[in-house]
There are 2 protein chains.
Amino acid sequence: MKLSNGVEWALHCCVSLGQSHAPVPAARLAKLHGIPPAYLAKHLQSLSQAGILRSTPGPVGGYSFAQSPTQVSVLDVVLAIDGPEPAFRCTEIRRQGPLGLGPEKCRKPCAVSRAMAAADAAWRAALKGVTIADLARDIDADSAGTAMGSVRQWLAGTG
Amino acid sequence: MKLSNGVEWALHCCVSLGQSHAPVPAARLAKLHGIPPAYLAKHLQSLSQAGILRSTPGPVGGYSFAQSPTQVSVLDVVLAIDGPEPAFRCTEIRRQGPLGLGPEKCRKPCAVSRAMAAADAAWRAALKGVTIADLARDIDADSAGTAMGSVRQWLAGTG
DNA sequence: GGGAATATACTCGGATACACAGTGTCCGAGTTGTTCCGG
DNA sequence: CCGGAACAACTCGGACACTGTGTATCCGAGTATATTCCC
């Protein structure tokens, strides 16, 4: 199992984007984080389609939050980038082979699928409990309250 | 994020294998579940290398449990097939870009990485709480106590 | 008849091709700010 | 001096190649069994 690399970029970009009220172009976010601009644009596009970000074209356009960062959970961002389907997909192998069960015996998911689904639910619950605003607050706490201010200043400037 | 398909096969095979005291060849397990024999052998090999199963060569050889199914958790099997590394890998993008932090500021993982690691820990905890024996018991409960008996009978026979 | 060497058949183990999703990039459609011209 | 239209620059959006991991398969190395031969 391997999580797409764009998830990390999307989360960091959301945290940074929450510091600016004005729209920020994708190229500028890419330069801020030192990542490929074109590829980041692809992922920001996914966030826009998911309704997390709002895109505004034109010279002073860019991406901005469609909702308050306090209401966007990490799970929302992860699902927007990685897709909503769970990691484990049951192929119903209990219905195959010489001892395959009939459809009437497969009303509810098998025990294996249930165990995996429960773990997936725990994973999602943990991600749902953290918001983008929480991440920004934690990062500020790590840096004694200087990191987010620097980001605000850099985004406002023309560097 | 997509979990390898072999994880499902390995779990079902472990449940079935727990019903037989004698070693069972990979080809026989494959026929029982209706899956490609050669590919299943590759995954059983991983389980053997992880110390979960024990392989015995020769005419009456095959795979058998190295430990009691009551002591093997679902997490053990998943990690053996999918690899021990977590799904999210922090690439430390906070150290890149114009506002990149120096190494002295990166003693502990960043907030994003911490949130993802916490979710991963919750996922693993959920999988660690279920054993192969638990799965077998649940499957028996689903089928009114007939499924595991049929598997035992089929594995003992020559079908 | 008993024992040992041998041939055999069956098992796992790693090395080898193919396919799909993730990675990375590009150029075109659309919108806004600017500029120029006319009134 | 003011209003409107044309222009240009900048933005996102989807379509196009490349790479790495997962999928699927095969044949060779090794071992316990059954046979066979010899004592």
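Just so it is clear: chains get the letters A, B, ... in the order the sequence lines come, proteins before strands, and each one is counted from 1. Only heavy atoms go into these numbers, but all of them, side chains included; no hydrogens, no water, no symmetry mates.
Taking side-chain N and O atoms only, A:S55 has a distance below 4.0 Å to OP1 or OP2 of D:dG13.
The closest side-chain donor-acceptor pair between A:S4 and A:H43, if any, does not fall under 3.5 angstrom.
Here the options are B:K105, B:R107, B:K108, B:R94, the test is salt bridge (charged side-chain N to carboxylate O under 4.0 Å, His left out), and the partner is A:D142; only B:K108 passes.
Distance B:L29 CG to C:dT11 C1': 13 Å, rounded to the nearest Å. Across the protein-nucleic acid pair, A:L47 atom CG and D:dG13 atom P stand 11 Å apart, rounded to whole Å. Taking atom NZ on B:K31 and atom P on C:dT11, their separation rounds to 11 Å, with Å as the unit.
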Scoring nucleotides 22-27 of chain C by protein non-hydrogen atoms under 4.0 Å (B base, S sugar-phosphate only, - none) yields SBBBB-
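Taking every side-chain heavy atom of B:P59 into account, C:dC10 is the closest of C:dT31, C:dG13, C:dC10.
B:T91 meets the side chain to side chain donor-acceptor pair (under 3.5 Å) test with A:E8; sequence neighbours excluded. Scored by the salt bridge (Lys or Arg N to Asp or Glu O under 4.0 Å) test, A:R89 finds no partners at all (sequence neighbours excluded).
Under the 4.5 Å side-chain heavy-atom criterion for grouping Ile, Leu, Val, Met, Phe, Trp and Tyr, B:L75 is connected to B:F88 within one hydrophobic cluster.
B:A27 comes within 4.0 angstrom of nothing in the nucleic acid, heavy atoms only.
Toward the 5' end of DNA chain C, the nearer of the two residues B:P25 and B:Q49, judged by each one's closest nucleotide, is B:P25.
Remark: the backbone N or O of A:A117 is not paired with any side-chain donor or acceptor of A:D120 at under 3.5 angstrom.
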